[in-house]
Amino acid sequence: QVCLVNRMRLPLGGPDLLVVVVVAFALIGGSQRGAVLGFFAGLSADVLPPTHHYAGELAFAYTVIGYVAGMLDAGEESSVLTIISVVAGASIGVVVLYAGLGDLLGNARITAGATLHALAGTVVYDVVLAPFVVPLVSAAARRLEPVGSR
C-alpha cells in the first residue's frame, strides 16, 4: 500500500488495499481476528512515512472495520455481491472514521471536500479490486491456519 499504491497517480485518488485485506481476513477469521489484524495494519500505516496525522487514527478505524466485518462471518459461501457490499461499507467506514477522528483532533487537512474526494476514490477502487483480492487473501488465510482450528 505505502510503497506502490500511494505513489500511483490515479484519478480520484487510489484504492485502500488494507481495507480489502482486513475485510478478507475478518470474513474468514471472525471479529476478534479482524479487529487484531485491523489494529496492526492501521498502526503500520500510521507509522510508515509519509504521515500527516497522529499515530493511532488509522489503527482505530481499521480495528473498528475489522471487528464489524468479522461479525458478518460470511465464510466460504460468500457471494461476490456480499463481498463487494462489505468492502464498500468498510471503505466508507474507514474514510468517515478517519476524517471524524482527525477533525476531532484538530487536523487542518481534514475538510469536507477532501473527505468526499477520498470517499469517492477509495470506494470505487476498493469495490473494483474486491472480487479479485478477497478470494486470494481468503485462500491464503485458510492455508496458513493451523489444521486443528479449521
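Residues passing the side-chain hydrogen bond (donor to acceptor under 3.5 Å, both in side chains) test with T63, sequence neighbours excluded: none. Remark: P131 engages V80, I84 in a side-chain contact (heavy atoms from CB on, under 4.5 Å) (not counting sequence neighbours). Remark: V22 engages L37, A41 in a side-chain contact (heavy atoms from CB on, under 4.5 Å) (not counting sequence neighbours).
Annotation for F132: hydrophobic cluster partners, listed by chain and number, are none (ILVMFWY side-chain heavy atoms under 4.5 Å, direct or chained). Through direct or relayed side-chain contacts under 4.5 Å between Ile, Leu, Val, Met, Phe, Trp and Tyr, F40 connects to V36, F39, L43. In the hydrophobic clustering (ILVMFWY side chains linked at under 4.5 Å, chained through shared members), L81 stands by itself.
Separation of atoms CG (D126) and CG (L17) is listed at 7.0 Å; rounding is to 0.5 Å. For the atom pair OH of Y98 and OG1 of T122, the computed distance is 11.0 Å after rounding to the nearest 0.5 Å. Note: I83 CD1 to L27 CG = 7.0 Å, rounded to the nearest 0.5 Å. The CG atom of L97 sits 10.5 Å away from the CG atom of L58 when rounded to the nearest 0.5 Å.
Residues A45 and L18 come closest through the heavy atom pair CB-CD1, 3.8 Å. Shown here for A88 and V127, the closest heavy-atom pair between the two residues is CB-CG2, 3.7 Å. When all heavy atoms of S138 and A24 are compared, the closest pair comes out as OG-O, 3.8 Å. Here the closest non-hydrogen pair linking G66 and A26 is O-CB, 3.4 Å.
Linking Ile, Leu, Val, Met, Phe, Trp and Tyr residues whenever their side-chain heavy atoms come within less than 4.5 Å places V123 and V96 in a single cluster. At a threshold of 4.5 Å between side-chain heavy atoms, the hydrophobic network of Ile, Leu, Val, Met, Phe, Trp and Tyr places V128 and V21 in two separate groups.
For the 3.5 Å distance criterion, the side chains of D16 and Y62 qualify, holding a donor opposite an acceptor.
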